[in-house]
Amino acid sequence: MSLLEVNDLTVKFYTEEGVVNAVDNLSFSIDRGEKFGVVGESGAGKSVTALSVMRLIESPGHIESGEVLFNGENLLEMSDEEIRSIRGNEIAMVFQDAQTALNPVYTVGEQISETIRHHLGYDETEAKERSIQLLDTVGIPDAESRFSDYPHEFSGGMQQRAIIAMALSCDPDLLICDEPTTALDVTIETKILQEIETLADEFDTAIQLITHDLGVVADVCDRVMVMYAGKPVEKAPVEELYYDPKHPYTVGLMSSIPRIGDERERLQTIPGTMPDLVDLPSGCSFHPRCPYAEESCTRSEPALVDPETGAVATDDDEHVAACLEYTGELTDGLGYEVTVRDSSDDAEVETVAGAKASSAVDTDVPDAGGDRRD
Amino acid sequence: MSLRRFILKRLLLTVPILFGVSVITFALVHLTPGDPISQMVAENPNVSQAEEAQLRAQYGLDGTLWEQYATWIGNVLSGDFGDVYGSSQSVAGVLISRLPETIALGLFGWVFALVIAIPTGVYAAINKDKFGDTASRIIALSGISIPNFWLGLMLILVGALWLGWWDVGAPRTAVYHPEMLWFLILPGITVGTAAAASIMRVMRTSMAEELNKEYVVAARAKGLPERKIILKHVLRNSMISVVTLAAMLTASIVAGSVVVETVFNWPGLGRELVQAIHGHEINLIMAITLFTGFFIVLANLLADILYAVLDPRIRYD
């Protein structure tokens, strides 16, 4: 049994502009101790997925259907009391912006120890001791005196470490990290990621790492799910995703990673922006931006399939993708090639596309704007 | 340490503020036509010109405005607020006997305002745009719009005449007697209603804003019960703007007590001030104004200290 199993999750936001299809029929599972990455642009539904797992979707958002099984129990059917005893205790969350996630008027120590007191029933002194220990574990120097500092007295990196300490305070089975390093500078980013990785191993905690950065995923994760417009478009073990990406969107994301020694003058980007989630394009949501889109892509919506066989994905499939190519509905195929450079042991995607691709690039770029959530 | 220095600095700052208040009040009172002596003379036609001049000299009302001010402030600095012309009582004596009545009324109004406003504001913010919020908004709007003298009269009508629970007249008990609480109810509500209404609105707005902050989601993600999140995490953050307003409202409660004391025949400084203005009692007007100014400055100082207590990011150094 997986630690976490999300089945057919659909989340909608009822806004004044219309119904936002934030997450659409999403399924994935995370095993005990596994490090699972969720990748996609802003608005792909990554954070909504994470919040849904903790049942923290607020009005006007609503979980329409699906189930979230944690240790076999459906979190969506639990009482408020029961779900609260899981939040922060068995499933904990690390937020993107530690500065806003910490309450400015309470000391960092108090905010860590209140969780410990609440879930583990420790008294004031025991909770303080454990908090200091945790602060020390996540690498905050002089933890004992730092315990009574306020969030504004911490640097950005230290605030994020404090948030991690808080998340780990009750030995969670699952740690959801929502863009944990986006607000930090690159040197700190690496340190924090290493920290998360080692701590997860040490505490035997599974990680759901949400990011838009494929580089981060490569460093940390075992398995990856790529999301686009509220749907999963590709799921694969991390090496396979890098060496053999199956979905054009994944390919687009990879070719937009800058590399040292890159001789291209311009960084390749995916043209256009994420479609309006209120009014999704027909067929494949990615077709307006896809260089290989054909007429059939505007009509039928691709299902997640095994790219080798074209059969509908099952739980046993390691690598699945949602593109019509694999069900034989594309006439011209996907014109990209992946080259692996020996020197850096790094995969690189080259788009080998003719006139057809570049003409597809320029067509029908959907409107930017509108209120989106990721 | 820095807080103590800050308080000291702010207390010193009250000196120039009170000086300004005294100059302006003094000038305004003296620029209005008529003075206590001409009033006395008008009531008693037998007073001769020489006697009138002598009276003026006796009360320090001869000489230029500047000379008069200098004499007055000199006396005040040596602790002498002068006498009430009409009754020959000392102004200090009047203040000492009236001040507790006004403080009792003001405090009651203030506590009433906070006790009503904070829970209602919190409730409205949690139930934003639902029935309770809309209802509280309507009540708050009425509370701000109703003039306090009218509200006072209505409360007397209902409480004293219809229900017969209170007397129409002034309280007949000493100010420190517990029974006083009962007599304070009607005038206290009258003084506090407008303040309650505005504090409630600010409480609601500021709490609703805080509820949208990420630390609230983070607190929920920690598994804390909603009640604890509201009362511990959100309330303290939203109190910061409420404290500002509450301090500013001290002035309006003081001003309101002038009207309310008159309506309820309350033996406090406000009623005394109205009578003093009628009688051109310059010394009394000056003393009451100075005290009022001092209380308002004090309330603001208190608010500044409370900020630092509520929000550790605010430091005074």
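These numbers come from the heavy atoms of this one structure, side chains and all, not from hydrogens, waters or symmetry mates. Below, chain A is the first sequence line, B the second, and so on; all start at residue 1.
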Problem - Close side-chain approach of I230(B) to L235(B), heavy-atom, < 4.5 Å - result: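 With C-beta onward as the side chain, the pair stays apart.
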Exercise for the section: Taking the side chain as every heavy atom from C-beta outward, state whether V217(B) and F95(A) have any atom pair closer than 4.5 Å. Expected result: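 Side chain of V217(B) against side chain of F95(A), heavy atoms only: contact under 4.5 Å found.
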Problem - Part of L51(A) within contact of chain B (heavy atom distance under 4.5 Å) - result: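 Just its side chain gets close to chain B.
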Problem - Contact class of L56(A) relative to chain B, heavy atoms under 4.5 angstrom - result: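 When you check distances to chain B, only side chain atoms of L56(A) fall under 4.5 Å.
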Exercise for the section: Please assess T120(B) against I139(B) for the test side-chain contact (heavy atoms from CB on, under 4.5 Å), listing each intermediate value before the final yes or no. Expected result: CA-CA 11 Å; T120(B) 329; I139(B) 295 170; over 6 Å; no
Can you pull out the donor-acceptor contacts between chain B and chain A, under 3.5 Å, including backbone atoms?
from: E214(B); atom 1: OE2; to: T100(A); atom 2: OG1; distance (Å): 3.3
from: Y215(B); atom 1: N; to: T100(A); atom 2: O; distance (Å): 3.0
from: R220(B); atom 1: NH1; to: E58(A); atom 2: OE2; distance (Å): 3.2
from: A221(B); atom 1: O; to: G88(A); atom 2: N; distance (Å): 2.9
from: K222(B); atom 1: O; to: H119(A); atom 2: NE2; distance (Å): 2.7
from: K222(B); atom 1: NZ; to: Q111(A); atom 2: O; distance (Å): 2.8
from: K222(B); atom 1: NZ; to: E114(A); atom 2: OE2; distance (Å): 2.8
from: G223(B); atom 1: O; to: H118(A); atom 2: NE2; distance (Å): 3.1
from: K232(B); atom 1: O; to: Y106(A); atom 2: OH; distance (Å): 2.7
from: K232(B); atom 1: NZ; to: E110(A); atom 2: OE2; distance (Å): 2.4
from: K232(B); atom 1: NZ; to: E114(A); atom 2: OE1; distance (Å): 2.9
from: H233(B); atom 1: O; to: N103(A); atom 2: ND2; distance (Å): 3.3
from: H233(B); atom 1: ND1; to: N103(A); atom 2: ND2; distance (Å): 2.9
from: H233(B); atom 1: NE2; to: E114(A); atom 2: OE1; distance (Å): 3.1
from: H233(B); atom 1: NE2; to: E114(A); atom 2: OE2; distance (Å): 2.7
from: R236(B); atom 1: NH2; to: V105(A); atom 2: O; distance (Å): 3.3
from: N237(B); atom 1: ND2; to: N103(A); atom 2: OD1; distance (Å): 2.7

Exercise for the section: Identify the two heavy atoms, one from A206(A) and one from L3(A), that lie closest to each other, and give their separation to 0.1 Å. Expected result: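 Heavy-atom minimum between the residues: CB-CD2, 3.6 Å.
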Handout entry: Donor-acceptor pair, side chain of W266(B) and main chain of E101(B), under 3.5 angstrom
Key =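 Yes, because the side chain of W266(B) sits within donor-acceptor range (under 3.5 Å) of the backbone of E101(B).
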Problem - Donor-acceptor contact below 3.5 Å, side chain S252(B) vs main chain M248(B) - result: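 No: the side chain of S252(B) does not pair with the backbone of M248(B).
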Problem - Atom CZ of F294(B): over 12 foreign heavy atoms under 6.0 Å - result: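 Atom CZ in F294(B) is not crowded, with 12 or fewer foreign heavy atoms closer than 6.0 Å.
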